[in-house]
Amino acid sequence: MLPTHMRAVQFTGSRSVRLAELAVPAPEAGEALVQITMSAVCGSDLPFYRASVEALGPRASVVPGHEPVGVVRSAAPGGIPEGTRVLVYHHSGEGRCEHCLSGEPMFCTHRQTLGNHRHGADAEWLVAPDASLVPLPDDIDDAMAALIACNFGTAFAGLRKSGARWGDRLIVTGLGSVGLCVVVAAVAAGCRVIAVDPIGPRREFALALGAEWAIDPVAQDPVPTIRQAAGGRGAEVAMECSGNALAQRQVVQAVRPHGTVVLVGSNSSMEIDPGVDLIRKEILVTGSWIFKRYEMADIFRAARRLPQLRRLIGVPVPADEVEHAFAAADSGDSLGKVLIDWT
Ligand SMILES: [Zn+2]
Ligand SMILES: [Zn+2]
């Protein structure tokens, strides 16, 4: 017998959360019911955590979270069977357009995202489309799966898109969980990593993970320092993970001619001088949004080969203390990933 009610997180405005008691949702056609074991706090949750009730509007009633790991307890007909341990890919589409069929449902015009358009991961139970379920290999545990479900997958896809090669000087701006995943993967891929973040312990951690340079962008203009570190002309690659408009501007300035900038951190404004920055340097500036559904097997393979990723996973916070999980992520003091344990 499935329970009728569940604990679920709700944002109550201005950095407060509560554990509400909600009805366990019922799957519709093509959907499964997943019992959540682990979810995680993402940097992209924090603007909503910090927002006032008025600014949240109808979103205040939506369960947040888009990094769910759990076990299928009620399967869709013909779908992933009951008892299967899964992570849930957080974008879904209507399933028939070219983007859905090619494993890129984030581009579907009917896109729905967990924790935004539908109830998300920070609850004991989650209804998700069967098409979004990703069965987990036995050697990927729940905590690693939660890291992979958004942050490591995002780092992997952005780094792949960057075309970074052995020996490249690679800037990482923003050393939250995604940025630190980039550091781990880029170091393992033979890149020489230049880590940039205003928070000292994050820079120290990046150095411990193998970055060669760590720069405080508040204490000094990072652009000349990066250019100097990278042989005077600038870095080959930048992975911008902060979403800070000034950092976005600085990485564009700090890459060399023919360099590549991958924007991973989201922002709504960015200053570029097309003549100086783009035309006369012939750089490539591109965006990378999460990862594609079809990259999943490659992401699991990469995670297995990166033992340092384990260092990014914090001690899971029990769901009853969920306010501590969000406060830790919000403070910036937590190094790596903040997980919520629903078991
Ligand atoms: Zn996320
Ligand atoms: Zn579609």
Side-chain angles (χ1 to χ4, degrees), residues 9 11 29-31 36 38-50 59 62-70 87-123 126 128-132 134 142-158 174-182 239-243 263-267 287-296 299 303 309 312-314 316-317 322 325-326 328-330 332 334 336-340:
V9 173
F11 292 148
E31 294 180 333
I36 298 296
M38 198 80 81
S39 66
V41 182
C42 185
S44 64
D45 294 327
L46 296 178
F48 302 99
Y49 169 69
R50 293 168 184 151
R59 191 152 170 166
V62 177
V63 175
H66 56 269
E67 306 176 4
V69 179
L87 71 75
V88 184
Y89 185 82
H90 56 265
H91 292 311
S92 57
E94 100 297 33
R96 289 178 296 279
C97 74
E98 59 176 312
H99 303 299
C100 288
L101 292 173
S102 61
E104 302 184 333
M106 70 263 274
F107 301 136
C108 180
T109 50
H110 300 284
R111 170 178 64 88
Q112 291 206 313
T113 305
L114 296 180
N116 180 355
H117 309 96
R118 52 189 298 155
H119 283 319
D122 296 334
L126 171 72
D130 176 70
S132 300
V134 180
D142 287 3
M144 181 58 72
L147 181 69
I148 287 172
C150 176
N151 292 177
F152 177 65
T154 298
F156 172 94
L175 301 173
S177 180
V178 174
L180 291 170
C181 284
V182 171
M239 292 282 297
E240 206 302 295
C241 304
S242 75
L263 302 174
V264 176
S266 197
N267 198 351
S288 186
W289 193 16
I290 322 146
F291 54 92
K292 308 303 188 294
R293 202 57 182 79
Y294 54 77
E295 291 181 299
M296 216 60 253
I299 291 169
L309 281 182
L312 307 189
I313 297 172
V317 177
V322 70
F326 281 93
D330 182 45
S334 58
K337 195 68 183 165
V338 177
L339 301 173
I340 304 169

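Counting starts at 1 for both ligands and their atoms, following the listed order.
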Atom of E67 closest to the Zn ion (ligand 1), considering N, O or S atoms: OE2
Regarding R111 and E104, does a basic nitrogen lie under 4.0 Å from an acidic carboxylate oxygen? no
Do I148 and M296 come within less than 4.5 Å of each other through their side chains, counting heavy atoms only? yes
Any side-chain donor near an acceptor of the partner, T113 and H91, under 3.5 Å: yes
Between the Zn ion (ligand 1) and H66, is there an N, O or S atom separated by less than 2.8 Å? yes
Could you grab the angle centred on the Zn ion (ligand 2), going from SG in C108 to SG in C100, to 10°? 110°
Does F11 have R59 sitting over its ring (NZ/CZ under 6.0 Å from centre, angle to axis within 45°)? no
How is the N/O/S atom of E94 that comes nearest to the Zn ion (ligand 2) named? OE1
Looking at the Zn ion (ligand 2), is there an N, O or S atom belonging to H110 that lies under 2.8 Å away from it? no
Which value, rounded to 10°, describes the SG(C150)-the Zn ion (ligand 1)-SG(C42) angle? 120°
Step through it carefully: locate the ring centre of F291, locate the ring centre of F152, and say whether they are under 6.0 Å apart. no
